[in-house]
Protein chains: 2
Amino acid sequence: MDTADRLIESTRELLWERGYVGTSPKAILQRAGAGQGSMYHHFSGKSDLALAAVRRTVEQMRMTADALLSAPGTALERITGYLRRERDVLRGCPVGRLTMDPDIIASPELRAPLDELFDWLRRRLAEVVAEGQSRGEFNAALDPAATAATIAATLQGGYVLARAADSVRPFEQAVTGVLALLASANH
Amino acid sequence: MDTADRLIESTRELLWERGYVGTSPKAILQRAGAGQGSMYHHFSGKSDLALAAVRRTVEQMRMTADALLSAPGTALERITGYLRRERDVLRGCPVGRLTMDPDIIASPELRAPLDELFDWLRRRLAEVVAEGQSRGEFNAALDPAATAATIAATLQGGYVLARAADSVRPFEQAVTGVLALLASANH
DNA sequence: GTCTATAATAAGATAGAC
DNA sequence: GTCTATCTTATTATAGAC
């Protein structure tokens, strides 16, 4: 892993732990074991480095989600697999947490990757819901787009509740709850 | 409004807009029109002032939510009223956003009010869900606690999706989706 | 490419006048 | 109670040596 890569990886970790506002170039450099010169040689500054880090994180999240949602099985099984996949719940979502960062939201360039990821996720979930409806798994009256937004929101909100409680319990309850609602709507 | 009050109100606004890490004492003082001396006379420092601000915000949120969830009407009507109440969605939840703040989560004292609010909210929602079940509005097989967690998570996650998209649309879809799931599970 | 030195500005808190 | 210095450390970036 070269220096630019180490800088990006350190930034990804720190953005996840402390967000954009809470992450200083100094902290990034210390974690990467690099000096100021390296960072300003490879990137124009903090925001440029953050952009590279965010893009990499978003790309990874998308691959993981797509693999789970495209796996074999019924629609409900695939949604369950996605919602119940192994997560470090109390660390929160590395992309979702950035939506609370004022400097990320104020920058169209930094916000764009988040927008694209969640837009893609909602579309993909809507496809899976629609497949479930055509197989008779879910109530045909449900709006796939709205249901997909609910599933994605349950996940993101589950992280919020879990971090407030310092416990994975509320996250697991929220996931259990939405899966039960989906399953009970199968007519 | 005296100086201590103005400091608390300025802090509440800034915590909502920029979070704890992103809010400096200087910014608070400028917004409140006060000097350093005032702040350190009334509060021991940034975290003490933030604690007062968070407590006030939490108290207000709880009053608002309780009024809506205790209003007349069916369980579904009350949950709908709570989820669809007028909100400045793109500003996010003033309490939920703090769960992404590393310094808030690292401090048991600052995290406690968040924990208490969301714990209370889930319990209150669970009561309303249980009432709905006893009236035949919702499927009696649903777990009230899990369903309540899903409703609260949909709200918090809706903010995340909306801010990523810079649009209230995903929030509204998530709310519509969870209400449709609740209504379709009425057997 | 990477390093250290330097610099201007801000964060967070203290001291002491009034 | 409130104000204006003052202080220490961090932030973000630039300069120039190697």
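Naming: A, B, ... by sequence-line order, numbering from 1 per chain.
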Q: Taking atom types as modelled, find out whether B:Tyr159 and B:Arg97 have a side-chain donor-acceptor pair closer than 3.5 angstrom.
A: no
If you check the [X] side chain, which of [options] turns out closest?
X       : options              : answer
B:Lys26 : C:dA11, D:dG1, C:dT2 : C:dA11
A:Gln36 : C:dC3, C:dA5, C:dA13 : C:dA5
B:His42 : D:dG1, D:dT12, C:dC3 : D:dG1

Nearest-Å distance, [atom1] ([X]) to [atom2] ([N])?
X       : N      : atom1 : atom2 : value
B:Phe43 : C:dA13 : CZ    : P     : 14 Å
B:Tyr40 : C:dA11 : OH    : C1'   : 9 Å
B:Gln30 : D:dT4  : CD    : P     : 12 Å
B:Leu29 : C:dG12 : CG    : P     : 11 Å
A:Asp48 : D:dT12 : CG    : P     : 15 Å
B:Leu49 : C:dA13 : CG    : P     : 10 Å
A:Lys46 : C:dA10 : NZ    : C1'   : 13 Å
B:Asp2  : D:dT2  : CG    : P     : 8 Å

Q. With sugar-phosphate meaning primed atoms plus P, OP1 and OP2, does A:Thr23 contact a base, only sugar-phosphate, or nothing at under 4.0 Å between heavy atoms?
A. sugar-phosphate
Q. Which is true for B:Ser47 with a 4.0 Å heavy-atom rule: it touches a base, it touches only sugar-phosphate, or it touches nothing?
A. nothing
Q) Any side-chain N or O of B:Ser24 under 4.0 Å from OP1/OP2 of C:dA10? A) no
Q.
Please determine whether a side-chain nitrogen or oxygen atom of B:His41 lies at a distance below 4.0 Å from atom OP1 or OP2 of D:dC3.
A. no
**Q.** Of B:Thr3 and A:Ala27, the one whose closest DNA chain D nucleotide lies more 5'
**A.** B:Thr3
Output yes when [X] and [Y] qualify as a salt bridge under the 4.0 Å nitrogen-oxygen rule, no when they do not.
X        : Y        : answer
A:Asp119 : A:Arg122 : yes
A:Arg87  : A:Glu172 : no
B:Arg6   : B:Glu9   : no

Q: Apply the test side-chain hydrogen bond (donor to acceptor under 3.5 Å, both in side chains) to residues B:Arg18 and B:Thr23: give CA-CA distance (whole Å), side-chain angles for both, the deciding distance (0.1 Å), then the verdict.
A: CA-CA 6 Å; B:Arg18 303 194 45 84; B:Thr23 296; 5.4 Å; no
